[in-house]
Amino acid sequence: MATQEKVSEHNLGKIISHAKEYGFVFPSSEVYDGLAAVYDYGPYGVELKNNLKTLWWKSMTQLQDNVVGIDASIFMHPLTWKASGHVDSFNDPMVDNRDSKKRYRADQLLEAKAEEYAKAGQEEKGHALLVEMGRLLDAGDLNGVREQIISEGIVCPVSGTANWTEVRQFNLMFSTRVGSVAEDADTIYLRPETAQGIFVNFLNVQKTARMKIPFGIAQVGKAFRNEIVARQFIFRMREFEQMEMQYFVRPGEEMKWYEFWKETRLKWHQAVGLPAQKLKYHVHEKLAHYANAAVDIEFEFPFGFKEIEGIHSRTDFDLSQHQKLSKKKMQYFDNEINQNYVPYVVETSVGADRLFLAVLCNAYTEEVVGEGENQKERTYLKLHPAIAPVKAAIFPLVRKDGLPEKGMQIFNQLKQDFRVVYEERDAIGRRYTRQDLIGTPFCIAVDYQTLEDNTVTIRHRDSMEQERVSIEELRDKIAREVSFSRIYEQL
RNA sequence: GCGAAAGUAGCUCAGCUGGUAGAGCGCGACCUUGCCAAGGUCGAGGUCGCGGGUUCGAACCCCGUCUUUCGCUCCA
């Protein structure tokens, strides 16, 4: 009888320590004291993350018969970001109130003021204020914006004072320069989202893969955002990985597909092992400029419910914008209705690192086992076998009498199909524990009986129970348990 | 970016009113043992986050800085 105690509140610290100590996630450049909000994946972390990415990729491109993949570059033509709106809306003028220590977007303060005027029947005054603000922002006159705030008598809602700092520009896109001669070099950006690589390739993909609407394009890749505050371990990083799928549909049918993906994706997270009660939808009331519907799938992290995936109905905003700026048609001819149109898009966008963190938080388990005198605490990662970094460990019970040789034989055979490890050092109990800590679902022990009848014991991580099976059965038995199809079955 | 707290061995931490570092666990080798973090022997590993200052002397006091966590703030 094991009383189980799941990690719930305020122990992100435990997860972070565990992740570091057992080779999942390290702070970047730790020998130089680290780099804020950047992390590296260690030996087991990379296996787990790769498994999650592969699972997602196959769920999209293999299980869905009308979704294909691409891998676009991180660098893109600068106009891409003009078209997407990032150049304009990823540049925010910020101002702090010195008394309340609160930070605001300067433009939003002025917009709120303009709204007040409008409500008071002074619409023209409000309009004039915004026009002037637009002029100042275009001219890069941040001081002018600050003077506007002060002369309008705008005060901080918290402190009630007008003790404002300078207005400063925050650019959320990282830029670099292409061209070896500095003066001739062009500024280009590191992509702040992977979606645009899909949009600009829409026609290439549609034509070469001969896709018919509705169809989707999937992509896994890095994106970069110069977050003002990056926090909460790998939850919000400046360099992160997205798993995105853009689904192109007939205009007017987007809500049907939006609902379809909303449900499909929630089910997927559950199938990976995230419990239903720790997942919920969060519908956006305030929509981004491109969307006509948006919902987040949130997971209950130790620091609360937070987004792991977004499902957005992006309308034809992106393709239309690219059509406008590139002057290339982004249209599809639909034989069924005999019409040319710019497709609407439903996006599913998972943060790979967030999913990783959710899976890790959920898997981290501390429980008390044994009774009375024998009671002790046990820590292990309850990962779905299909995504566990190591599938099985092979242990000879003792380090003599030919057991190591037999163990190596089994190891060499299994390693062709699975990520397995072989260990003969230390007491077997400790070896079990070490595997528990990294979430290995199966430990195979070679004992004296093995030499007689070619059977071994398989010890199951979660129940700690053992069963005896013949060596010939091993491969198939493990294969069944660790196969992605165990997850697909739940979809 | 603001506020608070913290930073000593791989991890968790101790280190008194300043007198140039310790423990447990872990790690490596060997011996004994053999089914859930076993015992023994030996060993590796720290310029106490970094840089200044005060002092005869700084892990400890002062200043600065970096990093992390938490709370704001921001978040397509």
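The shown structure was predicted, so the numbers you read here are calculated from the model rather than taken from an experiment.
Nearest to the side-chain atoms of A:Arg431 among the listed nucleotides B:G34, B:A37, B:C35 stands B:G34. Taking the side chain of A:Glu21 as heavy atoms from C-beta on, and the options B:C35, B:G10, B:C36, the nearest nucleotide is B:G10. The side chain of A:Lys20 lies closest to B:C11, out of B:C35, B:C11, B:G28. Distances were taken from every side-chain heavy atom of A:Val398 (C-beta onward) to each of B:C36, B:U69, B:G34; the shortest belongs to B:G34. For A:Asp447, whose side chain is taken as the heavy atoms from C-beta onward, the closest listed nucleotide among B:C35, B:C27, B:G10 is B:C35. In this structure, the nucleotide among B:C35, B:C11, B:A37 sitting nearest to the side chain of A:Tyr22 is B:A37. Distances from the side chain of A:Ser17 to the nucleotides B:C35, B:U12, B:A38 place B:U12 closest. Taking every side-chain heavy atom of A:Arg399 into account, B:G34 is the closest of B:U69, B:G34, B:C35. Ranking B:C35, B:U69, B:C74 by closeness to the A:Ile16 side chain, first place goes to B:U69. The nucleotide whose nearest atom lies closest to any side-chain atom of A:Ile428 is, among B:A38, B:G10, B:C35, B:C35.
Between the side chain of A:Arg238 and the backbone N or O of A:Phe224 there is no donor-acceptor pair closer than 3.5 Å. A side-chain donor-acceptor contact under 3.5 Å links A:Asp453 to the backbone of A:Thr455.
A:Arg225 has no side-chain polar atom (N or O) that falls below the 4.0 Å cut-off from OP1 or OP2 of B:C75.
For A:Gln466 against B:C35, a side-chain N or O and a base N or O form a donor-acceptor pair under 3.5 Å. Scanning atom types as modelled, no donor and acceptor separated by under 3.5 angstrom connect the side chain of A:Asp436 and the base of B:C36. Counting atom types as modelled, A:Arg459 pairs a side-chain N or O with a base atom of B:C36 as donor and acceptor under 3.5 Å.
Counting to the nearest Å, the P atom of B:U69 and the CZ atom of A:Arg236 are 13 Å from each other. Between the P atom of B:G26 and the NE2 atom of A:His18 lies a distance of 16 Å, rounded to the nearest Å. Residue A:Lys400 contributes atom NZ, which lies 7 Å from atom P of B:U32 at whole-angstrom precision. We find that NE2 of A:His86 is positioned 13 Å from P of B:C75, with the value rounded to whole Å. Distance, A:Phe301 CZ to B:U69 P: 15 Å, rounded to whole Å. Taking atom OH of residue A:Tyr432 and atom P of nucleotide B:C36, one finds them 9 Å apart after rounding to whole Å. Nucleotide B:C72 holds its P atom 13 Å from the CZ atom of A:Phe303, rounded to whole Å. Distance A:Leu109 CG to B:U73 P: 13 Å, rounded to the nearest Å.
Across the strands present, B:G28 finds its partner in B:C42; the criterion is a Watson-Crick or G-U wobble pair with both atom distances under 3.5 angstrom. In this entry B:U67 has B:A6 as its Watson-Crick or G-U wobble partner, both defining distances falling under 3.5 Å. In this structure, B:C72 forms a base pair with B:G1, meeting either the Watson-Crick or the G-U wobble geometry with both donor-acceptor distances under 3.5 Å. Of all nucleotides present, only B:C13 satisfies the Watson-Crick or G-U wobble test against B:G22, with each distance under 3.5 Å. Base pairing analysis places B:A59 opposite nothing; no Watson-Crick or G-U wobble pair with both distances below 3.5 Å involves it.
Classification of A:Arg314 and A:Glu193 as a salt-bridged pair holds, one side-chain N sitting under 4.0 Å from a carboxylate O. In summary, A:Asp296 and A:Lys306 do not engage in a salt bridge, as defined by a charged side-chain N under 4.0 Å from a carboxylate O.
Using a 4.0 Å heavy-atom distance criterion, A:Phe235 is classed as making no nucleic acid contact. At a threshold of 4.0 angstrom between heavy atoms, the contacts of A:Leu403 with the nucleic acid are absent. Within the nucleic acid shown, A:Arg425 comes within 4.0 Å of sugar-phosphate atoms alone, with no base atom in reach, counting heavy atoms only.
If you take atom C1' in B:G46 and the same atom in B:G10, they sit 12 Å apart, rounded to whole Å. Of the P atoms belonging to B:G71 and B:A14, the separation is 23 Å, rounded to the nearest Å. Comparing the P positions of B:G3 and B:C11 gives a spacing of 29 Å, expressed to the nearest Å. To the nearest whole angstrom, the two C1' atoms, one in B:G49 and one in B:U67, are 8 Å apart. Annotation: B:U41 and B:C25 have their P atoms spaced 12 Å apart (nearest Å). Look at the P atom in both B:A58 and B:G53: the space between them is 11 Å, to the nearest Å. Rounded to whole Å, the separation between the P atoms of B:A59 and B:A21 comes to 8 Å. Taking atom P in both B:G64 and B:C75, the straight-line distance is 31 Å, to the nearest Å.
Nearest-nucleotide mapping onto RNA chain B: of A:Arg378 and A:Lys306, the residue sitting toward the 5' end is A:Arg378. Looking at which nucleotide of RNA chain B each of A:Val446 and A:His284 is closest to, the 5′-most match is held by A:Val446.
For the residue pair A:Glu347 / A:His312, a side-chain donor-acceptor distance below 3.5 Å is found, with atom types taken as modelled.
With a 6.0 Å cutoff to the six-membered ring centre and a 45° limit on the axis angle, A:Lys14 does not count as a cation-pi contact of A:Tyr364. The cationic group of A:Arg378 lies under 6.0 Å from the six-membered ring centre of A:Tyr380 and within 45° of the ring axis, placing it in a cation-pi geometry.
A:Tyr422 and A:Phe411 have tilted rings, their planes meeting at an angle from 30° to 60° on a 0 to 90° scale.
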